[in-house]
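Input: a single structure, listed below in structure tokens.
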Amino acid sequence: IFFSKNNLKGLLAFNEEEIVPALYEDILIPTPDFNIVKQNGKYGVITNNNKIVIDVIYDKIEFNVSFQSFNCFLNNQIHSVYINELRRKE
């Protein structure tokens with residue numbers, strides 16, 4: 001569940017317990033376990049427990065459903081990170 005505080009977004013569990021504090025300009029939920037976040041104009045990926053698994057440094061991040069990967073764009077270059085790699089970091 002999304003919530004807002006001071007024009008920033010966070011996430012609540014279904015019991016309304018805060019699981020991700022309102023630190024982000026935007027949050028997208030492309031998978032059940034990982035969230036794309038925007039902070040200070042840059043993008044990264046966090047878990048549902050607010051653990052950063054892809055640093056918040058990218059110009060854009062897109063989720064590729066076919067390959068189950070995050071395509072991270074920085075300075076006109078693309079770096080792909082696969083879901084399986086992220087699960088090992090959890």
Side-chain angles (χ1 to χ4, degrees):
I1 303 170
F2 290 106
F3 77 97
S4 293
K5 184 177 181 182
N6 299 324
N7 293 325
L8 296 175
K9 295 179 183 176
L11 295 174
L12 299 174
F14 288 111
N15 65 2
E16 298 190 12
E17 176 186 343
E18 184 179 296
I19 55 174
V20 174
L23 300 173
Y24 303 104
E25 297 161 34
D26 201 8
I27 300 175
L28 303 171
I29 305 174
T31 76
D33 301 319
F34 300 103
N35 310 292
I36 297 172
V37 295
K38 182 180 182 184
Q39 187 176 46
N40 299 320
K42 295 293 184 176
Y43 292 86
V45 176
I46 62 169
T47 65
N48 290 330
N49 296 318
N50 201 38
K51 179 180 178 188
I52 296 172
V53 292
I54 297 177
D55 290 332
V56 185
I57 60 169
Y58 292 94
D59 300 322
K60 179 170 75 169
I61 294 181
E62 297 174 345
F63 184 67
N64 184 317
V65 175
S66 299
F67 290 102
Q68 291 293 290
S69 66
F70 290 96
N71 294 329
C72 307
F73 298 81
L74 182 63
N75 300 326
N76 296 320
Q77 295 184 351
I78 302 172
H79 173 70
S80 293
V81 180
Y82 294 90
I83 292 275
N84 289 339
E85 293 174 43
L86 296 179
R87 288 206 170 101
R88 285 186 228 129
K89 290 183 177 184
E90 285 187 283

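Predicted model only: the values in this text are computed from it and were never measured. Scope of the values below: all heavy atoms of this structure, side chains included, with no hydrogens, waters or symmetry mates.
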Could you go through residues 13-22 and list every donor-acceptor pair under 3.5 Å that involves a side-chain atom there, pairing it with any protein atom two or more places apart or in another chain?
unit_1, atom_1, unit_2, atom_2, d
N15, OD1, E17, N, 2.9

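Under the 4.5 Å side-chain heavy-atom criterion for ILVMFWY residues, no single connected hydrophobic cluster contains both F73 and V45. Connection of I78 to V65 is not established within any shared hydrophobic cluster, with ILVMFWY side chains joined at heavy-atom distances below 4.5 Å, either directly or through further cluster members. I54 is connected to F34 through a chain of hydrophobic side-chain contacts under 4.5 Å among Ile, Leu, Val, Met, Phe, Trp and Tyr, so both are in one cluster. Note on V53: it clusters hydrophobically with I61, by side-chain heavy-atom contacts below 4.5 Å among ILVMFWY residues. Residues V56 and L28 do not share a hydrophobic cluster, clusters being chains of Ile/Leu/Val/Met/Phe/Trp/Tyr side chains in contact below 4.5 Å.
Partners of K5 under the side-chain hydrogen bond (donor to acceptor under 3.5 Å, both in side chains) rule, at least two apart in sequence or in another chain, do not exist in this structure. Applying the side-chain hydrogen bond (donor to acceptor under 3.5 Å, both in side chains) criterion to D59, with sequence neighbours excluded, gives K42. With sequence neighbours excluded, the residues that form a side-chain contact (heavy atoms from CB on, under 4.5 Å) with I29 are F2, L11, I27, N35. Partners of Y24 according to the side-chain hydrogen bond (donor to acceptor under 3.5 Å, both in side chains) rule, which considers only residues two or more places apart in sequence or in another chain, are N50. For D55, the side-chain contact (heavy atoms from CB on, under 4.5 Å) partners two or more places apart in sequence, or in a different chain, are I52, I57. Not counting sequence neighbours, the partners of S80 by the side-chain hydrogen bond (donor to acceptor under 3.5 Å, both in side chains) test are N71.
Residue Y82 belongs to a hydrophobic cluster whose other members are F67, with links defined by side-chain heavy atoms closer than 4.5 Å.
Nearest heavy atom pair, residue E25 against residue Q39, reads OE2-C, 3.4 Å. Among all heavy-atom pairs drawn from S4 and K9, the shortest one is OG-CG, 4.2 Å.
Sorted by first and then second residue, the ring pair (Phe, Tyr, Trp, His ring centres under 6.0 Å) pairs with a member in residues 38-63 read F63-F70; sequence neighbours excluded.
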